[in-house]
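Following: one structure in structure tokens, then a few remarks.
Computation of the quantities below employed the complete heavy-atom set of this structure, encompassing side-chain atoms and omitting hydrogens, waters and symmetry-equivalent molecules. Chain letters run A, B, ... following the sequence lines, proteins first, then strands; residues in each count from 1. What you see is a predicted model; the values in this text were computed from it and never measured.
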Amino acid sequence: MYDLIVIGGGPAGLAGACAAWEAGLRRILIVERDRELGGILNQCIHNGFGLHYFKEELTGPEYAGRFIEMLRDTGVEVRLDTMVLEVTDQRKVHMVGKDTGYRVEEAKSILLAMGCRERTRGAIAIPGTRPAGIFTAGAAQRYVNMEGWLPGKRVVILGSGDIGLIMARRMTLEGAKVLACVEVMPYSGGLNRNIVQCLHDYDIPLYLSHTVTDIRGVNRVEQVVVSQVDDRRQPIPGTEMVFDCDTLLLSVGLIPENELTRQAGIAIDPRTNGAVVWENMETSLPGVFASGNVAHVHDLVDFVTAESQRAGTAAARYVLEGEAAEGDALEIVNGDGVSYTVPQHVRPGRVEKACDLFFRVNRVCGPSRIKVTSGDKQIAAFSRDYLAPGEMEHILLPRKLLDGASETLCVSIEEVESE
Amino acid sequence: MYDVLIIGCGIVGAATAFELSKYQLKVGIVERENDVANGTTKANSAIIHAGYDPMPGSLMARLNVRGSALARELCAQLDVPYLPCGSLVLGFSTEDEVLLKELFRRGTQNGVPGLALLTGDEARALEPNLSPAVTAALHAPSAAICSPWEYCLALAETAVRNGAQLHLETAVTGLTPTADGWRVETSRGVLDARYVVNAAGLDAQAVHEMAAPSSFTIHPSRGEYFLLDKSEGDRVGRVIFQCPSRVGKGVLVAPTVHGNLIVGPNAEPVEGDDTATTAGGLAYVRQTALRSVPSVEFRASIRNFAGVRASTDREDFIIEEAAPHFLDLAGICSPGLSAAPAIGEYAVELLGQAGLALERKADFTASRKRVRFRELPPEEKARLVAEQPAYGRVICRCETVTEGEILDALSGPIPPRSVDGVKRRAGAGLGRCQGGFCGPRVLELLAREQGRSPGDIPQDKAGSWLLACETKGGHADV
């Protein structure tokens, strides 16, 4: 019987396991399906990781390396090349590995840290032929950075998510010609710093309010057709541009990988596609926690780390102190301008000093006020100069403010007239 | 010198080869593509139709009903995913109800078992997600779903195991009659055969015209589809049709044997084998399907595809000796998949009538089995991994396909030559991430086991290259 089984050895799992060890758990197991720890960070060889957490600029493998080092000083057990097949509601974990065999392990607590996957062409129904040469940006990144192969030489990128932007630069540096980055929304889905450093610096045009409306080529991509879209995201006839290319990269969103979570009967929030969580990242199944991209898609690994440390600490507390007593709970409601929040509900009695609240806005906003209300009562307000769906927002709600709330907390955005 | 040479290894060619491989004959199959099941066979609704649709007395009617019965046995025997889930044809109006009665009458005449006319409420009791607008339905309990490419592979592999010779990437370029049969010119040299069977699918007209005067015209008809994630897999438990029209059986909503939901097809005339999807076609499919099952969640789509039916200017299948020792199996549009094993049987019967000596083999191997790790109970999984650790390494995480299963596919009677060839045999890449995660690892296994450079391995058909060149530093070997 383990105190904690962590499913996934990427940044979330690593930080969660380290934090649980710090908090006093001793029988911890990390199960990782790949042949090494670090998760997707291992293929992210660009820099920019760790600015918040380490206050320095690291590459993905370096960032992962820091945590793998920390883990080395603990007694946390690691099973590599091992895939979890099932998590039961009795916290039994079925896993299988080439060297580790088929095993069923029991745990007092579980941290779900499986990360996310990329949306594919099928998810967005791009019409046209189905030749080779259409890759998700992350798959192309793996080929280039891990396998040592360039998947194509003339490239169009659909979607301006961060991985797509990073790959625009990466493919260019490897000698490919990136012809365009195409984004259906009127704003980019990626971080502003990536727009500047990966597109502008290499004179790669970004077509906002455009999308791919046809793919041509029998065996390999030969052309893609890009059209402007109207404000209902419908292609406008007559605006077609044809690009001669051999590759289309897709960076059209990430989906938390929650098949195990669903199987275990854990409640899922359709807004995040992740588990519904409490303030300490505990899911609807007591003793099972979720953090990182499996709970909601983050932009920065630093925030994954922080969230997972909270989850790991909470798992330790659950094991060492027992199940949290039922107390008053507040449901967090998405007000105007907010597309989701994490957590989705809060037990003020379980909050020590302050509760971290993450959310995304559903449109680009200029100078704004983030308002937190409970019924008619305003609990807190925060000012921002700029808000965009591509950048996750974070606010801290002190415990004493939560005590003034009842039943619901509503987070909403109010744009203010700039002076 | 082959006794029989079959041109084309889709489901019809494979079924014919399977049937012929039961006899003491030298059987050859030539296939233009680098894999079997690479045309219409891999892109259709995957339905084994009950057989109420074709006109009584037609070849379609007889071979559909016989083929469906054979499919049930064959799929069990050859380990092909098959589910006898039944089907409903929905009616929304009094005109539709007239047509449903006509289908019931036809089906009864065709010998389809168990047909029943239902009211809208009775249909909804079976399928709660049907539209409230449904007023009547025809229930056909003998309809089934299957994995069409695995069905074709199983038939072709069994034929090969029983001695048939498969020539992949071999296109037929000419046919010349000889004293004792045919001289078949191909892209890889000349083959001689006493009998030739034309199972060339969309190219059957072209092949026919190499051997005989023109007698039919193929009018390719494209159908577009959505494949939805397993989260939508139990939206319906049966194949849900709308009333058929002159152009086809209409848009259906059906479960797949892999646990997904399939929605489609439309029917659009196209040139050749144009399998592109279109915005208009997909929008039509979506809207039409929602009439039957309004709650289908299209956001769960994981893939769109299109297949092309080999429809012709004739109403029925074209199964006839077009020239001495030259048998056409042409115009095999829907219900071709359902009829295929019966077409194979009938083809052998016709070849026998044309003088082919049919002596049964004593040692015919009629069974096939493969490991499907995901479907095993935990104890079985544990035992298998303990014996053969390669079954413990999961390569495709969406479908839980292991390295052991991929190695099995690579050492099968018809080894895959492409990433999609592995997908069709082992299921890796069929799932919701569509090979995003497992693609590079499948490529690595193909390269390692077949001693090929990753740069030479295509996604699917020859020419569908995946990797342009090595990066500056070459392989990182991590």
Side-chain angles (χ1 to χ4, degrees), chain A residues 33 35-36 42 81-83 85-86 94 96-104 117-118 120-136 138-139 142-153 173-176 213-216 218-220 235 246-247 255 257 259 262, chain B residues 226-227 231 274-279 281-282 298-305 378 381-386 389-394 397-398 400 402-403 432-437 439-440 443-444 454-455 458-478:
Chain A
R33 58 188 155 204
R35 284 165 264 196
E36 56 196 341
N42 290 330
D81 209 356
T82 303
M83 174 94 181
L85 299 178
E86 193 188 351
H94 293 245
V96 67
K98 197 168 181 173
D99 303 320
T100 53
Y102 190 97
R103 298 210 219 166
V104 184
R117 66 169 183 271
E118 297 175 278
T120 64
R121 175 185 179 183
I124 52 175
I126 309 171
T129 56
R130 284 170 305 291
I134 304 162
F135 299 90
T136 58
R142 182 176 173 108
Y143 278 122
V144 175
N145 292 346
M146 305 283 284
E147 316 285 337
W149 286 89
L150 191 63
K153 291 194 166 166
L173 292 175
E174 281 296 339
T213 47
D214 196 13
I215 296 172
R216 297 171 184 166
V218 175
N219 288 318
R220 177 77 189 198
D246 58 28
T247 303
I255 307 170
E257 280 239 276
E259 278 58 47
R262 284 195 185 86
Chain B
F226 286 86
L227 186 69
S231 56
D274 177 2
T275 57
T277 56
T278 61
L282 293 174
F298 280 91
R299 277 188 312 182
S301 169
I302 62 170
R303 187 174 178 87
N304 295 115
F305 66 92
K381 285 187 174 119
R383 190 192 52 74
L384 189 63
V385 176
Y391 291 109
R393 176 174 282 155
V394 176
R397 50 170 96 162
C398 301
T400 320
T402 64
E403 185 175 312
R432 56 184 72 85
C433 91
Q434 287 288 296
F437 284 117
L443 192 73
E444 186 187 318
Q459 174 75 48
D460 191 8
K461 294 182 182 181
S464 62
W465 57 274
L466 269 170
L467 302 173
C469 58
E470 287 191 67
T471 53
K472 292 191 287 274
H475 185 74
D477 201 23
V478 284

Out of [options], return the one with the most heavy atom pairs under 4.5 angstrom to chain A.
{"options": "B:A382, B:P440, B:G436", "value": "B:P440"}
{"options": "B:E403, B:R303, B:Q459", "value": "B:R303"}
{"options": "B:G439, B:P378, B:G281", "value": "B:P378"}

Tell me, side chain or backbone of [X] under 4.5 Å from chain B's heavy atoms, or both, or neither?
{"X": "A:I126", "answer": "backbone"}
{"X": "A:R117", "answer": "both"}
{"X": "A:P151", "answer": "both"}
{"X": "A:R35", "answer": "side chain"}
{"X": "A:L173", "answer": "backbone"}

Applying a strict 4.5 Å limit to non-hydrogen atoms, the region of B:T400 in contact with chain A is side chain

Which answer fits B:R432, side chain, backbone, both or neither, if we ask what part of it has an atom under 4.5 Å from a heavy atom of chain A?
-> both

Could you check which of [options] has the highest count of heavy-atom pairs closer than 4.5 Å to chain B?
{"options": "A:G175, A:A132, A:P235", "result": "A:A132"}
{"options": "A:I215, A:I124, A:N219", "result": "A:N219"}
{"options": "A:G101, A:G122, A:G152", "result": "A:G122"}
{"options": "A:E118, A:R33, A:R121, A:K98", "result": "A:K98"}
{"options": "A:N42, A:L85, A:I255", "result": "A:L85"}
{"options": "A:R103, A:E257, A:H94, A:R216", "result": "A:E257"}

Other residues, nucleotides, ligands: >12 heavy atoms within 6.0 Å of B:R299 CZ = no

Using a strict 4.0 Å threshold on nitrogen-to-oxygen distance, state whether B:K381 and A:E86 make a salt bridge.
-> no

Between CG on residue B:L466 and CH2 on residue A:W149, distance to nearest 0.5 Å | 11.0 Å

Approximate separation, where rounding is to 0.5 Å, of B:R393 CZ and A:T82 OG1 | 9.5 Å

